Amino acid sequence: MFKTAKQFSFDMAHMLDDHDGKCRNLHGHTYILQVEVAGELCPDGAKRGMVIDFGDLKTLVKQHVLDKMDHAFIYDVHSARESQVADLLTRLDSKVYGIATRTTAEAMAKHIFDLLKTEAGLPVSLVRLWETPSAYCEYAE
Ligand SMILES: [Zn+2]
């Protein structure tokens with residue numbers, strides 16, 4: 001079995017409601033996203049010898065992840081405080097993206113994994129999300 005991966009970067013704002021430190025405040029990160037896909041080589045046709053065409057991987061990650069999240073305020077739809085910020089930003093014609101969980105690196109790595117697996121149909125084997133240059137979370141099933 002082969003594993004191939006591609007790296008992406010995007011910017012996002014968030015806040016962690018109920019956090020006991022500075023992360024409860026609105027702030028942002030330049031995230032580095034590494035998406036790994038596992039499989040056998042395509043036996044014939046235009047993609048012969050590839051697990052996945054890196055160009056196709058880029059297109060799918062852009063469509064299902066980056067177009068939604070890049071330069072957005074990502075928030076937990078169950079948090080009243082974060083939802084208030086999202087409502088204000090929406091009224092101000094600013095980009096928001098709600099998920100049904102706290103927006104930790106752990107939850108976002110799983111959310112991105114699930115989007116790529118179920119929505120994009122990718123044979124994704126690992127998602128590694130760097131929140132800072134020294135801190136990442138990875139999710140695999
Ligand atoms: Zn943060």
Side-chain angles (χ1 to χ4, degrees), residues 1-43 45-141:
M1 201 227 311
F2 291 88
K3 291 180 174 179
T4 60
K6 193 163 176 62
Q7 178 168 303
F8 307 87
S9 175
F10 62 100
D11 299 312
M12 207 157 55
H14 79 151
M15 57 199 287
L16 294 179
D17 195 13
D18 293 327
H19 187 255
D20 57 0
K22 62 184 181 180
C23 291
R24 71 187 305 275
N25 299 298
L26 179 62
H27 65 282
H29 299 283
T30 296
Y31 290 89
I32 300 293
L33 171 65
Q34 295 167 326
V35 176
E36 181 191 271
V37 174
E40 297 301 332
L41 301 183
C42 190
K47 312 297 183 187
R48 181 165 49 92
M50 301 176 181
V51 174
I52 186 169
D53 189 321
F54 285 123
D56 294 341
L57 180 57
K58 180 180 178 182
T59 299
L60 287 169
V61 171
K62 181 180 185 306
Q63 179 186 346
H64 293 277
V65 178
L66 304 181
D67 286 352
K68 298 173 182 176
M69 298 184 188
D70 187 31
H71 283 77
F73 169 62
I74 185 168
Y75 69 103
D76 177 358
V77 297
H78 298 305
S79 160
R81 188 165 163 263
E82 294 180 29
S83 295
Q84 277 186 303
V85 174
D87 289 345
L88 173 62
L89 290 172
T90 300
R91 285 201 302 276
L92 297 173
D93 195 27
S94 200
K95 189 173 174 182
V96 300
Y97 182 78
I99 63 174
T101 182
R102 208 173 188 209
T103 60
T104 59
E106 291 87 337
M108 284 170 44
K110 183 180 188 314
H111 182 78
I112 291 169
F113 185 100
D114 291 344
L115 275 181
L116 292 174
K117 183 181 177 185
T118 59
E119 210 182 272
L122 268 177
V124 56
S125 51
L126 178 84
V127 162
R128 183 179 294 130
L129 185 67
W130 292 81
E131 191 174 79
T132 71
S134 62
Y136 73 82
C137 173
E138 63 181 36
Y139 180 79
E141 288 182 331

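Everything numeric in this text was worked out from a predicted model, so none of it was measured.
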**Prompt:** Which value, rounded to the nearest 0.5 Å, describes the distance between H14 atom NE2 and T103 atom OG1?
**Reply:** 5.0 Å
**Prompt:** Is the closest side-chain heavy-atom distance between L129 and Y136 below 4.5 Å?
**Reply:** no
**Asked** Looking only at heavy atoms, what is the nearest atom pair of A100 and V77, with distance?
**Response** CA-CG2, 3.8 Å
**Message:** Checking side-chain polar atoms at under 3.5 Å, does H111 have a donor or acceptor matched by the opposite partner on Y97?
**Reply:** yes
**Asked** Do side-chain atoms of E119 reach the backbone of D114 as a donor and acceptor pair under 3.5 angstrom?
**Response** no
**Asked** Do we see a donor-acceptor contact under 3.5 Å between the side chains of D11 and T30?
**Response** yes
**Complete:** Heavy-atom nearest pair, F73 first then E82, reads CE2-O, 3.6 Å
**Prompt:** Between the side chain of R102 and the main-chain N/O of H78, is any donor-acceptor distance below 3.5 Å?
**Reply:** no
**Request:** Give me the ring orientation class for H29 and Y31: parallel if the planes are under 30° apart, tilted from 30 to 60°, perpendicular past 60°.
**Result:** perpendicular
**Complete:** When every non-hydrogen atom of D70 is compared with those of K95, the smallest separation belongs to O-NZ, 2.7 Å
**Request:** Rounded to the nearest 0.5 Å, what's the gap from NZ on K117 to CD1 on I112? Could you check?
**Result:** 16.0 Å
**Prompt:** What are the two closest heavy atoms between V127 and A109, and how far apart are they?
**Reply:** CG1-O, 3.7 Å
**Item:** From R128, K6, E138, residue fulfilling side-chain hydrogen bond (donor to acceptor under 3.5 Å, both in side chains) relative to Q34
**Value:** R128
